[in-house]
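Here is the structure we will look at, set down as structure tokens.
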Amino acid sequence: MVRWTQQCIPTLREPPQDAEIPSHRLMLRAGLIRKLAGGLYTFLPLGLRALRKVERIVREEMDRAGALEILMPALHPREVWDRTGRYDVLRDVMFKIKDRQDREMVLGPTHEEIVTDLVAREINSYRQLPRNFYQIQTKFRDEIRPRFGLMRAKEFIMKDAYSFDVDTDAAETSYQAMYDAYVRIFERCGLRTKIVEADTGAMGGSASHEFMVLADSGEDGLVECDGCDYAANLERAESASTAPREFDGAAEAIQEVDTPGARTIEQVAAFFKTEPARMIKTLIYLADGEPVAVLTPGDRDINEIKLARALKASELVMADDATVEKVTGAPVGFAGPVGLSGVRLLADEKLKGYRGGITGANKAEKHIVNVDLERDVPELTYADLVFARGGDQCVRCGGTLQEKRGIEVGHVFKLGTKYSEQLGAQYLDEAGKQHPAVMGCYGIGVTRTLQAVIEQSHDKDGVIWPAAVAPYPVEVLIINTQHEPSVQVGEQLAAESEAAGVDVLLDDRDERPGVKFKDADLIGLPLRVGIGEKSLARGVVEIKIRATGEMRECAPDAATETVLELLGTLNNAAKSS
RNA sequence: CGGGGCGUAGCGCAGACUGGUAGCGCGCUUGAAUGGGGUUCAAGAGGUCGCGAGUUCAAAUCUCGCCGCCCCGACCA
């Protein structure tokens with residue numbers, strides 16, 4: 001049992017001005033965290049207790065899935081990162097420091113290199129596989145822009161796991177086991193998650209899924225199909241090609257038109273009094289230094305991840321103005337595919353069959369109308385290059401895609417043998433033949449998950465903790481500490497609950513009732529047992545369920561039993577949701 | 001990194017344009033009353049006005065530089 005007067009729960013009536021989203025404001029207001037600097041937070045006692053609850057769930061499910069807990073250093077010598085070339089890939093996100101010997105060190109943003117180095121040394125035989133190592137550890141990333149409290153911080157706690165298998169079939173099994181464990185973890189945390197196909201980014205590898213908590217404040221865009229279970233991060237999402245588009249003038253010959261002062265899509269569309277979708281947007285990129293002209297519908301945005309993949313380019317940047325002028329012969333704003341020579345031409349597949357389109361003429365202040373791409377630019381090759389968006393058709397079933405935002409709380413990757421080959425994580429098979437282990441890696445943002453719980457479970461009055469991760473399951477609130485019998489009953493109830501294995505926060509402050517009720521709602525423990533003169537006079541205490549607002553009354557003698565019963569109900573409700 | 005905004009008591013803010021002894025609400029301390037949804041009264045404590053230069057008789061206020069924080073954007077023609 002903890003007495004409020006002995007705890008440090010600094011609730012705030014007003015949120016600090018620099019907090020934007022509900023979960024961030026509530027974490028500050030409920031006294032869970034305090035900021036040291038941008039992206040750096042201290043966990044106060046209540047916040048730490050909730051964090052430990054999440055960690056415990058993660059640990060239990062990882063252990064259950066057969067993963068082995070280890071703890072790797074947060075501080076790494078640079079050489080390990082040079083061995084895979086990722087020092088250069090992650091250069092900007094790593095914190096780099098030097099020791100007194102002037103040796104270059106980094107603070108670990110992730111641990112593939114470290115764990116693979118370990119396995120390279122310790123695992124030699126197929127008899128030792130499969131193995132899955134995990135840790136719960138602090139990661140450091142020099143984020144471009146930390147924001148929203150724990151959502152994107154420079155220092156955060158992550159659970160990361162790494163599986164090693166003899167072949168891709170076995171690796172598939174390990175992947176599925178982690179996937180299933182993740183489903184259970186987030187469910188137990190009381191979170192509703194959406195699982196989406198995702199891009200593998202700097203991690204590399206063949207496939208991955210993200211576990212998303214749907215929230216308007218989420219930093220990731222995603223689409224989900226209303227007709228099947230297809231769902232994907234916008235970085236990766238595909239959508240069906242639209243039917244060939246025909247606009248006015250489709251059958252006519254191309255014609256050059258003076259368009260003074262119109263160079264952006266919006267300006268040109270306005271000039272022709274037509275829609276942006278009719279424009280054939282032409283962008284000049286430099287793919288590994290080579291200029292490429294890329295075409296998309298005027299109302300679509302290029303997905304550079306898709307473009308880089310289609311071009312098999314490792315470095316992709318928009319061309320500078322000088323290059324654009326050199327390639328197109330016109331100032332920026334008038335590029336078009338018709339008559340453009342000397343560069344690779346690549347078009348988004350949604351442009352297939354475009355007729356009657358409008359595009360730049362490769363001359364200053366001029367555009368071309370009545371463009372029929374098949375007729376006028378026959379050499380064009382097509383690929384999926386643009387971001388999918390809400391309203392598009394699903395590639396799988398033809399249903400309609402809905403666009404949502406989400407918080408990425410977990411991410412599972414199939415890594416293949418990229419790291420094991422580079423770092424020598426080899427094993428001998430039964431025939432004595434050497435193979436690289438096939439890897440997978442699996443991350444959960446623990447601190448982010450905690451905040452996501454609040455983002456998904458709160459109301460205007462405060463946090464609504466799911467029972468499984470609440471700092472305490474029950475608050476016993478003595479309404480008036482001047483009223484001796486109330487204090488006695490409260491103390492006794494708290495002691496009883498404690499004896500029954502239920503941690504209790506006892507609000508024993510000599511405050512006005514209103515203050516204590518408000519704080520109880522704010523910190524949002526699942527159950528509140530209120531003890532006051534009026535209800536005691538009727539021989540009862542009051543139990544309020546935070547999530548529903550439902551009130552129960554029972555005799556003080558029966559209170560502990562009722563609390564246990566209600567907690568059971570709340571836990572089951574969490575499991576079945 | 002680019003753009004915008006902010007920095008004055010623990011929190012939320014006013015004061016700045018037009019330089020002249022630093023204010024308000026909440027919180028905190030003490031006392032009294034009150035005691036079922038942020039109660040009331042009285043008396044208090046608490047500030048290098050982000051930091052550093054400069055202008056001035058005089059700077060929270062004007063000028064310059066720096067730092068920190070928040071938001072938006074980061075090559076979409």
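Chain A is the first sequence line, chain B the second, and so forth, proteins listed ahead of strands; every chain is numbered from 1. In this text, all values refer to a predicted model and were calculated from it rather than measured experimentally.
Using a 4.0 Å cut-off, some side-chain N or O of A/R13 falls inside it from OP1 or OP2 of B/G27.
Remark: B/C41 base-pairs with B/G31. Criterion, Watson-Crick or G-U wobble with two distances under 3.5 Å. Pair check for B/A74 finds none; no Watson-Crick or G-U wobble contact set falls under 3.5 Å. Base-pair partner of B/C57: B/G20 (Watson-Crick or G-U wobble, both distances under 3.5 Å). B/C6: Watson-Crick or G-U partner is B/G68, with both key distances under 3.5 Å.
Of the C1' atoms belonging to B/G19 and B/A60, the separation is 10 Å, rounded to the nearest Å. Annotation: B/A14 and B/G50 have their P atoms spaced 14 Å apart (nearest Å). Rounded to the nearest Å, the gap between the P atom of B/A77 and that of B/G73 is 15 Å.
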Expected string for nucleotides 69-77 of chain B under the B/S/- scheme (protein heavy atoms, under 4.0 Å, primed atoms plus P, OP1, OP2 as sugar-phosphate) is SSBB-BBBB

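Between A/R512 atom CZ and B/C26 atom C1' there is a gap of 17 Å when expressed in whole angstrom units. Atom CE of A/M551 is separated from atom C1' of B/G36 by 9 Å (rounded to the nearest Å). If you take CD of A/E484 and P of B/G35, they are 17 Å apart, rounded to a whole angstrom. To the nearest angstrom, P of B/C1 lies 17 Å from CZ of A/R91. Residue A/L477 contributes atom CG, which lies 13 Å from atom C1' of B/G35 at whole-angstrom precision. Nucleotide B/G35 holds its C1' atom 14 Å from the CG atom of A/L536, rounded to whole Å. Taking atom CD on A/E511 and atom C1' on B/C26, their separation rounds to 13 Å, with Å as the unit.
A salt bridge is absent between A/D142 and A/K96; no separation between the charged side-chain nitrogens and carboxylate oxygens falls under 4.0 Å. The existence of a salt bridge linking A/R355 and A/D376 is excluded, since no basic side-chain nitrogen approaches an acidic carboxylate oxygen closer than 4.0 Å.
In this structure, A/R86 forms no cation-pi arrangement with A/W81, as its terminal cationic atom is not both closer than 6.0 Å to the ring centre and no more than 45° off the ring axis. In this structure, A/R141 forms no cation-pi arrangement with A/F156, as its terminal cationic atom is not both closer than 6.0 Å to the ring centre and no more than 45° off the ring axis.
The only option from A/I454, A/L48, A/I523, A/L450 that meets the side chain to side chain contact (heavy atoms under 4.5 Å, CB included) definition with A/L32 turns out to be A/I454.
At a cut-off of 3.5 angstrom, the base of B/G36 holds no donor-acceptor pair with the side chain of A/N480. The base of B/G12 lies outside donor-acceptor range of the side chain of A/R29, with no N or O pair under 3.5 Å. Looking at A/E14, its side chain comes within 3.5 Å of the base of B/G25 through a donor and an acceptor atom. With hydrogens and angles left out, the side chain of A/D519 and the base of B/G37 share no donor-acceptor pair within 3.5 Å.
In the set B/G38, B/G36, B/G35, B/G38 carries the atom at the smallest distance from any side-chain atom of A/V515. Checking B/G37, B/C11, B/G36 against the side-chain heavy atoms of A/E542 singles out B/G36 as nearest.
With sequence neighbours excluded, the residues forming a side-chain hydrogen bond (donor to acceptor under 3.5 Å, both in side chains) with A/D258 are A/K366, listed by chain and number.
Within 4.0 Å of A/R538, counting heavy atoms only, lies no atom of the nucleic acid at all.
Residue pairs that meet the side chain to side chain donor-acceptor pair (under 3.5 Å) test with at least one member in residues 27-39 of chain A, sequence neighbours left out, are A/D18-A/K35.
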